[in-house]
Enquirer: 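Structure provided below as structure tokens; questions to follow.
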2 protein chains.
Amino acid sequence: MTIWQLPSMLLVVISSVSTHPHHLFEYDELSQYVDSHQEEYVQTLRDWVAVESDSSDVLRRPDCHRMMDMTAEKLQAMGGKVELVDIGVQELPDGKTVALPKVVTAQFGSDPSKQTVCVYGHVDVQPAKLEDGWATEPYNLTDINGNLYGRGASDNKAPVLAWIHTVEAYQALSIDLPVNVKFIIEGMEETGSNGLDAMIVAQKDTFFSDVEYIIISDCGWLSRRPALTYGTRGNCYFFAEVEGPKQDLHSGVYGGTVIEPMTDLIGILDTLISPSGKILIPGIREAVAPLSDEEWKMYQDIEFDIESFKSKIGVSQLMYSNKVDLLAHRWRYPTVTIHGIEGGFSGPGSKTVIPAKVIAKFSIRQVPNMDPAVVKKQVTDYLNSVFAKRKSPNKLKVTMIIGAKPWLADTKHPLYEAGKAAVKRVFNVEPDLIREGGTIPIAKTFEDVTGKSIIMMPIGGFDDGLHSQNEKMSRYNYIEGTKLLADYFDEISLLQKVQDIFPSKL
Amino acid sequence: MTIWQLPSMLLVVISSVSTHPHHLFEYDELSQYVDSHQEEYVQTLRDWVAVESDSSDVLRRPDCHRMMDMTAEKLQAMGGKVELVDIGVQELPDGKTVALPKVVTAQFGSDPSKQTVCVYGHVDVQPAKLEDGWATEPYNLTDINGNLYGRGASDNKAPVLAWIHTVEAYQALSIDLPVNVKFIIEGMEETGSNGLDAMIVAQKDTFFSDVEYIIISDCGWLSRRPALTYGTRGNCYFFAEVEGPKQDLHSGVYGGTVIEPMTDLIGILDTLISPSGKILIPGIREAVAPLSDEEWKMYQDIEFDIESFKSKIGVSQLMYSNKVDLLAHRWRYPTVTIHGIEGGFSGPGSKTVIPAKVIAKFSIRQVPNMDPAVVKKQVTDYLNSVFAKRKSPNKLKVTMIIGAKPWLADTKHPLYEAGKAAVKRVFNVEPDLIREGGTIPIAKTFEDVTGKSIIMMPIGGFDDGLHSQNEKMSRYNYIEGTKLLADYFDEISLLQKVQDIFPSKL
């Protein structure tokens, strides 16, 4: 029997423990400390956002290394036991290799009488350029009406800093940390956490041996109501490359005689998905776990305003018109997105070129019970068969560069009960229990390798614009989020108290 | 009756006049002068190639202006009567305007007893970046084994310089120019000669009033055999823009709920052309003039090595396997090329974005009897109808940004007879009579507005890589081409002698 099967009586006990006066006093002190250090926190975030740690661009790799160093130095200065773990090299498409950003691990406290939690985050970012349509310089954190605009502000630099500031606050106030806290911060999340899986496997019996719970804040709320996240979609990211002539050709001089790679590529891309969003690759839809009545009911109860969602993204019509279908297709159905084509003429203006080699980038979000290895084969076989029908002399190469599994937690686990209590204290509301359409691949790896329980506790807002132009983190979410994490350490330590009372139950 | 309908006897007379001893002497002198100034010519080309006069990129507009100034200064220094003609502004998609590069006109000689020829050329270039796959810096002219690599070397800076050097050589040797020579040099050719049409119309009765013939060297040979060009395809260049959400979105967070503009765009692009090169837009193929038996025969006789063509561009298979079909589809049938997509993720690496607005760039080469105004309507109506079937809430906007007509000359015109004679003298072979798959829109405008006869006399090699990576001009073509042009002035002046003998015939 596990705690989340205990009768509700016990949850009342936990709840009463979590509001004992001493505990309340500490929270207020921490909360005031966080409020009074707001400007300092914003400045640190500004320093971090200024580092263009775009892990998808190897030319930015030095910035990624610098970002890891800065993270390590920050944790070191706080007295943590810090390591920069070498996780090897990345192989590039041309066969060359480049060093991966090291992983930062840190430890605060090793009291065997306390539980140990491990906080995961990343400090690499998605690409961003002013000309993509940013209103402000993406790497210059800019405060407009309490929103802090900058690439990586919400994904994931502010949340990582919030955890760090939480530990700092405890230290500054000489309040004993209620749990031992470990950090694992990486610099390759945005391109598939290359190298991290192997590192976790390697340190399973060392760094992770005493870790009880893993906490991730790499996601956002669904609405203005705080949320806890219990599932994420995985992602299989593909390159489909069609190569023809040995170099780009003038479309006037050669057009009509050459079988153009771009025409071939457009032809096969058009067979991935129907106008109504139906994935056409055989086997994909068949693998999806059916929607249960319980899930249906749960989705119906979630706070989600379709009109405000539409107006936020600026569209007149969505793929579905009712809440349950929309939530289900964000969270628990696969989808295909074509991100763009490399190698063609993609600048402004006109160019009369026949591109010699074009590479489409597309990805398929993964849900239970899809398996990336199977999806890889399904997509590759399908595109090859579609391409063969064109009888083109060009060469097609399909590569899966990311294959991240989906993740799903049990919302009745005590980690989630503790999360609900922390949200209740800081925001005075019950959190929504939500899933994340995006991918945090490492959740699944942590679960598979360490066997530990994982919770996702977002502090980012629902409208932070992750991966798009004008990404931001509000001061409100940054600061209240820091308080939430500060309280959460206490709430987790209560799990231990329950464990002490019912040692056989956990 | 026109001269090209005169009996062959007369052509014998012309031919004998063109080889009189005095004329031969001057040619040798000019030829030696050109040979001995080779390094100087290469250095001037290097200076011109160093100017990144990419007319498609408004950020490079200052370079375009500088290029026009340099051209004007060069002609001025030679004593020409030079003007920099203001042709107004260009309207950008965002509604702003930017000044067009001025057009340079120049005049050498105004002897009413001589005929006046006008040489047209352009000094703007296509975009080029080292990372596109250039072996050398595209704007640093680099000599490798007698080939001069650089963007714009062959298209069209070296040919323009060759004409200028020709006039210079006459001047340096104090040989009277056999004709009055005018120049018209523009800086917007690569993006559709914006503003030039109006300028030609405006100066029809001034600058062009005494012009008899217009000569263009903005093309290349078909093989190692020198050629004269008597036709070009036109081009209709389209932007198809699909706009959805108000900004880019995270494909994990929004994928499955949003109707993605990229999917819509791929869907409509895939309806333009079949895998076997058949244009699917209704009405396009119907407008094409049928291939005559005479044309078929002529194509059969042209020197064109399919295997070397294939090996040059590096493909194992072409759209057609016989010479006549290949030449016909290069020169006198329309074709669709999709150049690329703006607004998606087109960099290296991966990015999980749903692009909010994507713009496909494609163009359709024009041949007799297609009409760009009709094609614009055919394409727009067709894409709108295909798009409507998708029932997408996204917005499609189809724009034709270039609409250039095809051009076709009569190869029996005396201008061509003079060209054949000049080729015979310099290279000692008969030229191939060829067409050009690419577009020199201005040829058609000159013809329509001024009513004058036009010849295209290429000096670039067949493998110069116009509009692609590693564009080059060989020293051989640059220098022998200069000699060809020097002789051609003489050959044209002979037309006048014929005219003096048979004044009513021309």
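Everything numeric here is computed off the predicted structure, so don't read it as measured data. We name chains A, B, ... by the order of the sequence lines, and we start the count at 1 in each one.
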Enquirer: Can you tell which of Pro275(A), Gly344(A), Gly343(A), Pro355(A) has the highest number of heavy-atom pairs within less than 4.5 Å of chain B?
Expert: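 The option with the most such pairs is Pro275(A).
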
Enquirer: Using non-hydrogen atoms and a 4.5 Å limit, figure out which bit of Ile341(A) sits close to chain B: side chain, backbone, both or neither.
Expert: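 Both parts, backbone and side chain.
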
Enquirer: Report which part of Val358(B) has an atom under 4.5 Å of a heavy atom belonging to chain A: side chain, backbone, both, or neither.
Expert: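 Contact with chain A: none, neither part.
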
Enquirer: Do Ser251(B) and His467(A) pair up side chain to side chain, a donor and an acceptor below 3.5 Å, judged on atom types alone?
Expert: no

Enquirer: Specify which of Ser350(A), Gly347(A), Ser316(A) makes the most heavy-atom pairs with chain B at under 4.5 Å.
Expert: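 Ranked by heavy-atom pairs under 4.5 Å with chain B, first place is Ser350(A).
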
Enquirer: Against chain A, work out which of Ile313(B), Thr335(B), Thr271(B) has the most heavy-atom pairs shorter than 4.5 Å and name it.
Expert: Ile313(B)

Enquirer: Side chain, backbone, both or neither: which part of Phe362(B) has a non-hydrogen atom closer than 4.5 Å to chain A?
Expert: neither

Enquirer: Using heavy-atom distances under 4.5 Å, tell me whether Tyr237(A) contacts chain B through its side chain, its backbone, both, or neither.
Expert: side chain

Enquirer: Please give me the minimum heavy-atom distance between Thr337(B) and Glu260(A), naming the atom from each residue.
Expert: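 Scanning both residues completely, I find the closest heavy atoms to be OG1-OE2, 2.8 Å.
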
Enquirer: Please look at Phe462(A) and chain B and tell me whether the side chain, the backbone, both or neither of the residue comes under 4.5 angstrom of a heavy atom of that chain.
Expert: backbone

Enquirer: Based on non-hydrogen pairs under 4.5 Å, which of Ala356(B), Gly255(B), Gly437(B) is most in contact with chain A?
Expert: Gly255(B)

Enquirer: Name the region of Ser311(A), side chain, backbone, both or neither, that has any atom closer than 4.5 Å to a heavy atom of chain B.
Expert: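 Contact with chain B is through the backbone of Ser311(A) alone.
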
Enquirer: Ala360(B), Ser363(B), Pro348(B): which one forms the most heavy-atom pairs within less than 4.5 Å of chain A?
Expert: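 Looking at each option in turn, the highest pair count goes to Pro348(B).
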
Enquirer: Do you know which of Met262(A), Glu190(A), Glu243(A) has the most heavy-atom pairs with chain B at a distance under 4.5 angstrom?
Expert: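 Going by pairs under 4.5 Å, I would pick Met262(A).
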
Enquirer: Can you check whether Thr257(A)'s main-chain N or O pairs, donor with acceptor, with Arg330(B)'s side chain at less than 3.5 Å?
Expert: no

Enquirer: By a 4.5 Å heavy-atom criterion (distance strictly below it), what part of Ile402(B) contacts chain A: side chain, backbone, both, or neither?
Expert: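 Side chain only.
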
Enquirer: What residue, out of Gln126(B), His329(B), Lys351(B), has the most heavy-atom pairs lying under 4.5 Å from chain A?
Expert: Lys351(B)

Enquirer: Relative to chain A, which of Leu249(B), Thr232(B), Asp270(B) shows the most heavy atom pairs under 4.5 Å?
Expert: Asp270(B)

Enquirer: For chain B, find which of Val315(A), Val253(A), Leu318(A) contributes the most heavy-atom pairs closer than 4.5 angstrom.
Expert: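 That would be Val253(A).
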
Enquirer: So which atom in Pro127(B) and which in Phe345(A) form the shortest heavy-atom distance, rounded to 0.1 Å?
Expert: CG-CE1, 4.4 Å

Enquirer: Heavy-atom distances under 4.5 Å only: say whether Arg233(A) touches chain B with side chain, backbone, both or neither.
Expert: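 Just its side chain gets close to chain B.
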
Enquirer: With a 4.5 angstrom heavy-atom cut-off, which part of Asn235(A) approaches chain B: side chain, backbone, both or neither?
Expert: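 For Asn235(A), the contact with chain B is made by the side chain alone.
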
Enquirer: How close do Arg365(A) and His250(B) get, heavy atom to heavy atom, and via which atoms?
Expert: NH2-CE1, 4.0 Å

Enquirer: Would you mind checking which part of Val58(A) comes under 4.5 Å of any heavy atom in chain B, side chain (CB onward), backbone (N, CA, C, O), both or neither?
Expert: neither

Enquirer: Tell me if a side-chain donor or acceptor on Gln469(B) pairs with a main-chain N or O of Asp248(A) at a distance below 3.5 Å.
Expert: yes

Enquirer: Side chain, backbone, both or neither: which part of Lys361(A) has an atom under 4.5 Å from a heavy atom of chain B?
Expert: side chain

Enquirer: Using every non-hydrogen atom in the two residues, find where Gly349(A) and Phe239(B) come nearest and quote the distance to one decimal.
Expert: O-CZ, 3.4 Å

Enquirer: Find the one option among Gly438(A), Ala328(A), Ser346(A) whose heavy-atom pairs under 4.5 Å with chain B are most numerous.
Expert: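 Highest number of pairs under 4.5 Å: Ser346(A).
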
Enquirer: If every non-hydrogen atom of Gly465(A) is compared with every non-hydrogen atom of Gln247(B), which pair is closest and at what distance?
Expert: CA-NE2, 4.5 Å

Enquirer: Mind ranking Ile338(A), Asp264(A), Thr191(A) by heavy-atom pairs under 4.5 Å with chain B and telling me who comes out on top?
Expert: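 When all of Ile338(A), Asp264(A), Thr191(A) are compared, Ile338(A) has the most.
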
Enquirer: Counting distance only, does the side-chain N/O of His339(B) pair as donor-acceptor with the main-chain N or O of Thr352(A) below 3.5 Å?
Expert: no

Enquirer: How long is the span from the OG1 atom in Thr263(B) to the CD1 atom in Ile273(A), to the nearest 0.5 Å?
Expert: 5.5 Å

Enquirer: Can you tell me which of Pro334(B), Gly267(B), Gly133(B) forms the most heavy-atom pairs within a distance under 4.5 Å of chain A?
Expert: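 The answer is Gly267(B).
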
Enquirer: For residues Lys312(A) and Tyr254(B), report the shortest heavy-atom separation together with the two atoms involved.
Expert: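 Result for this residue pair: NZ-OH, 2.9 Å.
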
